[in-house]
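Data first, discussion second: the structure below is written as structure tokens.
Numbering of residues begins at 1 and proceeds along the displayed sequence. Hydrogens, waters and symmetry mates play no part in the numbers below; they use all other heavy atoms, side chains included.
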Amino acid sequence: MLFKMMMDASSQEEKPVVRGFLKHLIFGFSVGVAVGTIMLMCLLLSLKNMDLGMPWIWALAMILQCGPIGGLIGIGVFVSRITNRDEDDEDDQGGPGGNAAEETAEQIVVRPAGQGAGALMPSNA
């Protein structure tokens, strides 16, 4: 339901981005659950000679805790794929219409090492 609301609220230009975002989120969550399952199986195989009275809810919680982390990793992969930092965007150029600060070629004035106006005089105390 939440995913449908996200797709309905996006404009035509945003739909491919939202679709890719949701696809990577679900794929990452699935991979996270698969990794959690593999980790649980490795744990149980390493403790196979022990008498474990483990409840199923504990095993399920151990598997599912890797899902959200996998989803975040999937979103990070998607965001890094859609972000292209090598190209200069026209908004990053100076001048009229750009957001970057204009380059100024002001000359730096260096004053001589004498006493300037308003310098404090040493006291005679």
Side-chain angles (χ1 to χ4, degrees):
M1 185 70 180
L2 179 65
F3 294 163
K4 183 176 178 351
M5 289 172 56
M6 288 173 68
M7 288 298 291
D8 290 343
S10 61
S11 66
Q12 284 301 110
E13 297 92 24
E14 296 169 342
K15 284 200 187 290
V17 175
V18 173
R19 191 175 298 119
F21 176 82
L22 295 175
K23 185 174 22 172
H24 279 77
L25 174 68
I26 292 178
F27 182 72
F29 190 88
S30 303
V31 170
V33 169
V35 168
T37 304
I38 292 170
M39 286 174 36
L40 178 65
M41 291 302 130
C42 290
L43 177 71
L44 292 177
L45 286 175
S46 68
L47 302 173
K48 66 181 176 182
N49 293 333
M50 295 181 72
D51 184 25
L52 296 176
M54 181 180 3
W56 284 104
I57 190 81
W58 185 83
L60 186 64
M62 187 173 173
I63 290 171
L64 287 179
Q65 71 182 350
C66 296
I69 296 169
L72 289 175
I73 292 172
I75 290 171
V77 167
F78 176 68
V79 169
S80 67
R81 286 182 59 200
I82 65 171
T83 306
N84 190 359
R85 298 180 186 182
D86 294 334
E87 293 181 7
D88 286 337
D89 195 11
E90 64 185 41
D91 287 340
D92 293 337
Q93 296 175 358
N99 292 333
E102 293 186 23
E103 296 178 14
T104 56
E106 294 181 13
Q107 194 173 24
I108 298 174
V109 178
V110 179
R111 294 193 176 127
Q115 288 194 4
L120 294 175
M121 301 296 289
S123 66
N124 292 332

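- Under the salt bridge (Lys or Arg N to Asp or Glu O under 4.0 Å) criterion, the residue pairs touching residues 7-17 are Lys4-Asp8, with sequence neighbours excluded.
- Counting Ile, Leu, Val, Met, Phe, Trp and Tyr side chains that sit under 4.5 Å apart, directly or through other members, Ile38 stands alone, with no cluster partners.
- Of the inter-residue distances, the one linking Ile75 atom CD1 with Ser80 atom OG reads 12.0 Å to the nearest 0.5 angstrom.
- Put simply, CD1 on Ile73 and CZ on Phe29 are 13.0 Å apart, with the number rounded to the nearest 0.5 Å.
- Considering only residues two or more places apart in sequence or on other chains, Phe78 meets the ring-ring contact (aromatic ring centres under 6.0 Å, His included) condition with His24.
- Val35 belongs to a hydrophobic cluster with Phe27, Val31, Met39, counting contacts under 4.5 Å between side-chain heavy atoms of Ile, Leu, Val, Met, Phe, Trp and Tyr, direct or through other members.
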Please output the side-chain donor-acceptor pairs of residues 43-71 that fall under 3.5 Å, not counting sequence neighbours, one pair per line with the distance.
residue: Ser46; atom: OG; partner: Cys42; partner atom: O; Å: 3.3
residue: Ser46; atom: OG; partner: Leu43; partner atom: O; Å: 2.8

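- Linking Ile, Leu, Val, Met, Phe, Trp and Tyr whenever their side-chain heavy atoms come within less than 4.5 Å leaves Val17 and Val77 in two separate clusters.
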